[in-house]
Number of protein chains: 2
Amino acid sequence: MIVEGEGLMRLSESEWQIMNALWQRYPASARELIERLPKNINWAYTTLKTMLTRLVAKNVVSERKRANTSIYEPLITRSKARRNALQSLMDQAFDGAMGPLMHFLIEDQKLSKKQRQELLQLLQNENSEK
Amino acid sequence: MIVEGEGLMRLSESEWQIMNALWQRYPASARELIERLPKNINWAYTTLKTMLTRLVAKNVVSERKRANTSIYEPLITRSKARRNALQSLMDQAFDGAMGPLMHFLIEDQKLSKKQRQELLQLLQNENSEK
DNA sequence: AAGAATATACTACAATCGTAGAAGAAAGTC
DNA sequence: GACTTTCTTCTACGATTGTAGTATATTCTT
């Protein structure tokens, strides 16, 4: 079962691909996962296996055997991973604070009018609900 | 002079540290840069030099000599680097779109009431100004 | 000019990442 | 039960990252 592990782990690019596939539906076998990867990814089956092994070693994914086949499950939630990634980004590139990031998103990032509206919407909902 | 290079370059953790110091004020020598790094970073002078050399090789920083001393300048803007980093994050972790990221920031990320207010503020300014 | 300080260039080396082949074990098929 | 397919485990290898030592060239200082 997924527990929100504490350690700040860092997923690499390819690891994200795998995790994205895994979060979609789990438990899953390597065979299933490889099919779910974006079509532009064309890994050898063993490549995926290698990476799964590494993810298991890092305690990001659990592995259990049914017959001779391993089935995998995430050990961290997508949210948790996202939070970690965001935190790293903020630390590295936005003086470690949410403020500058928000600011950048809104000012520099040129949201479309629609995006801006949506955002307002979201914010206002949150504000009133709670 | 800084030009907004096109290639999606990727800065590593330590590279961000250096670039942050460099963006603060440039041109700058290695000696100056090392002083400007966060106090918790304690690199040997040669470590910094090695990394600067690598940044130069990657065309992220320019190097020019005054007497026998190299002075460095960024070849990409901070904004550009931020945009790239954000883009990568979105691609990997937020289905490649701004929407889910925003959504996450607002819903899952539990902004403080104050942050939320600020954000609203920003948004509304933008909305009316343009 | 000799010695001290500083900077550069080159080399190194372990850890992680991306990618995968080879060999062997298990399971499904006729 | 022999053959084929599918998995697993091991090993490999080049690229990048983090970190720094050594040797050499340059420049100050007295």
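Convention: sequence-line order gives letters A, B, ...; per-chain numbering from 1.
- Nucleic acid contact for B/T46: base, since at least one base atom lies under 4.0 Å from a heavy atom of the residue.
- Between A/E15 and A/R54 no salt bridge is recorded (no basic side-chain N to carboxylate O distance below 4.0 Å).
- Under the 4.5 Å side-chain heavy-atom criterion for Ile, Leu, Val, Met, Phe, Trp and Tyr, B/I34 and B/V56 are members of the same hydrophobic cluster.
- The nearest whole Å value for the distance from the CD atom in B/Q17 to the P atom in D/dT17 is 15 Å.
- One interatomic measurement links the two molecules: CZ of A/R10 to P of C/dC17, which rounds to 10 Å at whole-angstrom precision.
- For DNA chain C, the residues of residues 31-45 of chain A within the heavy-atom distance limit of 4.0 Å (strictly under) are A/W43, A/A44, sorted by number.
- The same ILVMFWY cluster, assembled from side-chain heavy atoms under 4.5 Å apart, contains both B/F104 and A/M102.
- Across C/dC17, D/dA20, D/dG18, the shortest atom-to-atom separation from the side chain of B/R54 is found for D/dG18.
- Contacts with DNA chain C (heavy atom under 4.0 Å) in residues 64-71 of chain B: B/K65, B/N68, B/T69, B/S70, listed by number.
- Contact between B/L37 and B/I41 at its shortest, heavy atoms only, is CD1-CG2, 4.1 Å.
- Residue B/S88 comes nearest to B/R10 through the heavy atom pair CB-NH2, 3.1 Å, listed as atom of the first residue, atom of the second, then distance.
- Put simply, CD on B/E63 is 11 Å from C1' on C/dA9, counting in whole angstrom units.
- The phosphate of C/dC17 has neither OP1 nor OP2 within less than 4.0 Å of any side-chain N or O from A/S14.
- The CG atom of B/L52 sits 11 Å away from the P atom of C/dA9 (whole-angstrom rounding).
- To the nearest angstrom, P of D/dG18 lies 9 Å from CD of A/Q92.
- Atom-to-atom distance recorded for B/M9:CE and B/K80:NZ is 7.0 Å, nearest 0.5 angstrom.
- For B/K49 and C/dC10, the NZ to P distance is 12 Å, given to the nearest whole Å.
- A/T47 has no side-chain polar atom (N or O) that falls below the 4.0 Å cut-off from OP1 or OP2 of C/dG18.
- In the model, B/D91 has a side-chain atom that pairs as donor or acceptor with a side-chain atom of B/Q87 under 3.5 Å.
- The minimum heavy-atom distance between A/A93 and B/R82, with the atom names listed, is O-NE, 2.8 Å.
- Summarising the geometry of A/E73 relative to A/L22, their closest heavy-atom pair is C-CD2, 3.7 Å, with the distance given to 0.1 Å.
- Distances shorter than 4.0 Å separate none of the side-chain N or O atoms of B/K58 from OP1 or OP2 on D/dA15.
- Taking atom CD1 of B/I18 as the reference point, atom P of D/dT17 lies 12 Å away to the nearest angstrom.
- B/L48 has its CG atom 11 Å from the P atom of D/dA20, to the nearest Å.
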